[in-house]
2 protein chains.
Amino acid sequence: MIYSTLNIKHPVILGSASPRRQFLLKELGLDFTVVTKDIDESYPKEVAVNSVATFLASKKCAAYNTEVLSGNLVITADTVVILDDKIIGKPNDFDEAVSILQDLSGKKHRVTTGVCIRWDNYSHIIESDTDVYFRDITEQEIKFYINNYSPFDKAGAYGIQDWIGLVAIKRIDGSYHNVMGLPVGELYAFLKSTFNS
Amino acid sequence: MIYSTLNIKHPVILGSASPRRQFLLKELGLDFTVVTKDIDESYPKEVAVNSVATFLASKKCAAYNTEVLSGNLVITADTVVILDDKIIGKPNDFDEAVSILQDLSGKKHRVTTGVCIRWDNYSHIIESDTDVYFRDITEQEIKFYINNYSPFDKAGAYGIQDWIGLVAIKRIDGSYHNVMGLPVGELYAFLKSTFNS
């Protein structure tokens with residue numbers, strides 16, 4: 001039923017295994033293939049905290065060689081959660097998830113996503129920032145959430161689209177989809193202005 | 001799989017036919033029944049624009065007589081879209097939907113939801129405000145959206161969870177779920193603080 005208002009002549013490759021990113025790109029009405037690369041997600045100490053997401057998105061983009069790239073448009077992304085000027089990663093186990101969510105409780109943090117779009121000899125970077133305000137959440141609520149949703153693949157140990165996003169998030173300032181992992185509105189605006197005739 | 005962290009001894013009645021409100025209340029993990037009333041959704045001219053949502057939520061709550069209320073907890077809600085200090089209603093037809101979305105394009109508007117909770121001899125009102133920033137959208141995009149999503153049951157002629165919410169909304173300041181029709185986080189916080197022992 002849905003046909004896109006986008007008209008891109010390059011076949012699109014999404015370089016991300018994230019089901020949320022795949023869902024959001026599908027919702028745009030875009031046809032695409034998923035081709036992921038194993039990337040070392042480390043970054044030099046010199047990279048400023050608020051530049052890590054764009055740095056890693058570029059690093060992921062750069063991993064696609066000219067053979068994969070040939071004629072295609074590649075989209076990669078990286079999302080980081082920043083609290084008190086420190087990057088909060090994905091939790092390794094239950095206790096670390098509890099500890100991360102206790103740190104986020106009652107505070108504002110920032111979610112930054114970097115997106116890299118690469119085609120022919122060009123590339124373009126998008127950065128999107130959203131401030132997220134958590135209300136106070138109890139240990140009971142945190143454990144209930146982790147037991148039911150296993151947020152171990154998520155930076156900051158939560159998904160805004162999960163139960164915890166309904167009960168714990170007081171407000172956001174910025175893009176909701178950015179917190180899900182892809183600032184899909186900004187990506188759409190860029191693709192439209194660059195590729196639609 | 002999901003059991004609620006809420007513990008309310010009253011059976012809950014949702015006084016709203018909105019599928020979005022029913023979806024959000026289910027996501028909270030709350031058991032409830034839907035009982036709707038036919039209400040005249042008019043309001044006196046003297047009601048200030050930013051008080052219309054809470055006025056109508058209260059009016060809806062007041063329509064439940066003591067027989068329905070007996071032992072139950074009733075939740076009603078009303079959502080309005082405010083642009084340039086005027087209330088934007090639901091579109092009556094295709095052309096009106098186009099015209100509303102053209103008015104919203106490139107501008108900020110405010111979405112206000114009033115929620116009324118009534119039980120025993122008590123009632124409580126919640127008001128939630130979210131500012132929504134649309135980027136410029138074209139007539140082609142507007143018509144594409146209306147043709148595919150028929151947003152005729154929606155104040156402001158759009159659903160933030162639809163395709164248009166992905167491509168047209170630049171940012172929001174406030175609660176995302178409030179724009180869907182129910183500030184479910186504030187409702188949860190109120191129910192928990194009032195009813196959980």
Side-chain angles (χ1 to χ4, degrees), chain A residues 1-7 23-30 128-145 147-150 160-180 182-189 191-193 196, chain B residues 1-7 23-30 128-145 147-150 160-180 182-189 191-193 196:
Chain A
M1 179 183 104
I2 304 301
Y3 304 93
S4 182
T5 51
L6 285 175
N7 175 22
F23 168 78
L24 289 172
L25 215 52
K26 261 187 212 131
E27 288 287 296
L28 269 195
L30 206 59
S128 179
D129 301 300
T130 304
D131 287 332
V132 180
Y133 296 76
F134 265 49
R135 64 182 89 242
D136 289 322
I137 41 174
T138 63
E139 193 178 322
Q140 184 215 4
E141 288 166 327
I142 288 172
K143 290 183 171 171
F144 169 82
Y145 172 64
N147 278 322
N148 281 285
Y149 287 88
S150 305
I160 193 171
Q161 70 285 355
D162 294 345
W163 174 85
I164 200 166
L166 272 76
V167 306
I169 296 178
K170 206 182 332 191
R171 63 178 288 137
I172 67 169
D173 292 347
S175 154
Y176 177 85
H177 302 110
N178 179 40
V179 186
M180 281 182 75
L182 195 66
V184 74
E186 294 179 48
L187 177 60
Y188 173 85
L191 294 175
K192 204 184 72 159
S193 67
N196 274 16
Chain B
M1 180 183 102
I2 304 301
Y3 305 93
S4 182
T5 51
L6 286 174
N7 176 21
F23 167 78
L24 289 172
L25 215 52
K26 262 188 211 128
E27 288 287 296
L28 269 196
L30 206 59
S128 179
D129 300 302
T130 304
D131 287 333
V132 180
Y133 297 76
F134 265 51
R135 64 183 88 243
D136 289 322
I137 41 175
T138 63
E139 193 176 322
Q140 184 215 5
E141 288 166 327
I142 288 172
K143 290 183 171 170
F144 169 82
Y145 172 63
N147 278 324
N148 282 285
Y149 288 88
S150 305
I160 193 170
Q161 70 286 355
D162 294 344
W163 174 86
I164 201 168
L166 271 76
V167 305
I169 295 178
K170 207 184 331 194
R171 64 178 286 137
I172 67 169
D173 292 347
S175 154
Y176 177 86
H177 302 109
N178 178 40
V179 185
M180 281 181 75
L182 195 67
V184 73
E186 295 179 48
L187 177 61
Y188 174 86
L191 293 174
K192 204 183 71 157
S193 68
N196 275 17

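Numbered from 1 within each chain, the chains take letters A, B, ... in sequence-line order.
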- For A:Tyr188, all residues meeting side chain to side chain donor-acceptor pair (under 3.5 Å), sequence neighbours excluded: A:Thr5, B:Glu141
- Select one option (side chain, backbone, both, neither) describing which atoms of A:Leu187 are under 4.5 Å from chain B's heavy atoms.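 Neither part, no heavy atoms under 4.5 Å.
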- Name of the residue among A:Leu166, A:Ile169, A:Val167 meeting side-chain contact (heavy atoms from CB on, under 4.5 Å) with B:Val184: A:Leu166
- Message: Which one wins on heavy-atom pair count under 4.5 Å against chain A: B:Gly174, B:Ser175, B:Gly185?
- Response: B:Gly174
- If you count heavy-atom pairs under 4.5 Å between each of B:His177, B:Glu186, B:Lys170 and chain A, which one has the most?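 The answer is B:His177.
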- If the plane angle is over 60° it's perpendicular, under 30° parallel, otherwise tilted; pick one for B:Tyr176 and A:Tyr176. parallel
- Query: Could you give the distance from CD (B:Gln161) to CD (A:Glu27), rounded to the nearest 0.5 Å?
  - Reply: 10.0 Å
- Item | Distance, nearest 0.5 Å, that separates OG1 of A:Thr130 from CZ of B:Arg171 |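 Answer rounded to 0.5 Å: 8.0 Å.
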- Message: Only heavy atoms, only distances under 4.5 angstrom. Which residues in residues 131-140 of chain B are near chain A?
- Response: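 The residues closer than 4.5 Å to chain A, in numerical order, are B:Arg135, B:Thr138, B:Gln140.
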